[in-house]
Amino acid sequence: MSFCLETYLQQSEDYKIHISKAGFRECAKLIKERARKVLYVKAGEKILGARVIGIPPIPIGINKEKNTVMIPYTKPCYGTAVVEIPVKEEEIEKIERVAIK
């Protein structure tokens with residue numbers, strides 16, 4: 001079974017919103033400043049079951065010690081947020097495989 005970000009955010013409270021109702025540039029900057037490790041992916045790449053949109057390359061924050069991912073999440077009419085969610089190690093490995101080298 002694969003992870004689905006949309007469903008997770010609806011059904012769980014185990015995540016942290018670092019910023020919301022923001023612009024993509026502001027969210028990307030926050031990830032670059034706060035994430036332990038930053039990987040970049042192409043716009044439209046499917047990360048955690050959701051296609052990430054924004055100005056490429058899109059930063060994804062990784063913290064392997066806490067097993068969390070910081071991701072910019074854009075919802076039409078609501079703007080962009082940075083959400084940090086706990087994930088399994090396999091999800092981090094999937095992100096590493098699609099990251100821009």
Side-chain angles (χ1 to χ4, degrees):
M1 189 173 115
S2 64
F3 188 93
C4 178
L5 179 62
E6 185 78 33
T7 302
Y8 183 84
L9 294 175
Q10 290 173 357
Q11 297 178 354
S12 175
E13 293 181 12
D14 187 17
Y15 60 88
K16 180 177 182 182
I17 297 175
H18 289 272
I19 190 173
S20 64
K21 297 181 182 171
F24 181 80
R25 282 191 173 98
E26 188 178 2
C27 290
K29 182 178 180 224
L30 185 134
I31 291 171
K32 292 176 205 173
E33 290 172 353
R34 293 192 187 170
R36 186 166 285 253
K37 176 181 179 182
V38 178
L39 297 175
Y40 294 89
V41 299
K42 296 176 186 172
E45 194 70 63
K46 203 167 192 178
I47 304 294
L48 305 178
R51 297 221 181 263
V52 289
I53 56 175
I55 303 161
I58 297 174
I60 307 292
I62 305 287
N63 186 327
K64 284 190 174 185
E65 281 113 43
K66 293 185 348 184
N67 272 344
T68 62
V69 172
M70 287 176 74
I71 185 170
Y73 180 64
T74 303
K75 197 164 184 177
C77 302
Y78 292 96
T80 303
V82 173
V83 183
E84 183 174 10
I85 49 179
V87 295
K88 293 182 176 159
E89 194 173 321
E90 304 90 71
E91 295 298 333
I92 292 174
E93 290 168 1
K94 286 180 188 177
I95 296 167
E96 290 173 333
R97 283 195 295 272
V98 298
I100 298 168
K101 305 290 185 225

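- For P57, the side chain to side chain contact (heavy atoms under 4.5 Å, CB included) partners at least two apart in sequence or on another chain are Y40, I100.
- The salt bridge (charged side-chain N to carboxylate O under 4.0 Å, His left out) pairs that include a residue from residues 10-21 number zero, where partners must be two or more places apart or lie in different chains.
- Contact detail for I58 and G54: the closest heavy-atom pair is CD1-N, 3.8 Å.
- Considering only residues two or more places apart in sequence or on other chains, E89 meets the salt bridge (charged side-chain N to carboxylate O under 4.0 Å, His left out) condition with none of them.
- Clustering ILVMFWY residues whenever any of their side-chain heavy atoms sit less than 4.5 angstrom apart, transitively, puts V52 in the very cluster that holds I85.
- Residues I47 and I17 are members of one and the same hydrophobic cluster, defined by side-chain heavy-atom contacts under 4.5 angstrom among Ile, Leu, Val, Met, Phe, Trp and Tyr.
- The two residues G44 and R51 have their closest heavy-atom pair at O-NH1, 3.1 Å.
- Scanning for side-chain hydrogen bond (donor to acceptor under 3.5 Å, both in side chains) contacts around E65 gives R36, with sequence neighbours left out.
- Residue I31 is not grouped with residue V98 when hydrophobic side chains (ILVMFWY) are merged at heavy-atom distances under 4.5 angstrom, including chains of intermediate members.
- Considering only residues two or more places apart in sequence or on other chains, E84 meets the side-chain hydrogen bond (donor to acceptor under 3.5 Å, both in side chains) condition with H18, K66, T68.
- Contacts classified as side-chain hydrogen bond (donor to acceptor under 3.5 Å, both in side chains) and involving residues 71-83 (residues at least two apart or in different chains) are given here: E6-Y73, T74-T80.
- Minimum interatomic distance between A35 and G61 (heavy atoms only, all atoms of both residues): CB-CA, 3.5 Å.
- Residues passing the side-chain hydrogen bond (donor to acceptor under 3.5 Å, both in side chains) test with K88: none are found, sequence neighbours excluded.
- Scanning both residues, V83 and Y15, for their nearest heavy atoms gives CG1-CD1, 3.9 Å.
- The two residues L30 and M70 come nearest to each other via the heavy atoms CD2-CE, 3.8 Å.
- Side-chain heavy atoms closer than 4.5 Å link hydrophobic residues (I, L, V, M, F, W, Y) into clusters, and following such links, possibly through other members, connects L48 to F24.
- Not counting sequence neighbours, the partners of E96 by the side chain to side chain contact (heavy atoms under 4.5 Å, CB included) test are K37, L39, K64, I92, E93.
- In this structure, I55 CD1 and C27 SG are separated by 10.5 Å, a value rounded to the nearest 0.5 Å.
- Using a 4.5 Å heavy-atom cutoff, the side chains of V69 and E91 are not in contact.
- Rounding to the nearest 0.5 Å places CD1 of I62 at 9.0 Å from CD1 of I71.
- Remark: K29 engages E33 in a salt bridge (charged side-chain N to carboxylate O under 4.0 Å, His left out) (not counting sequence neighbours).
- Looking at heavy atoms from C-beta onward, I60 lies in side-chain contact with P72 at the 4.5 angstrom threshold.
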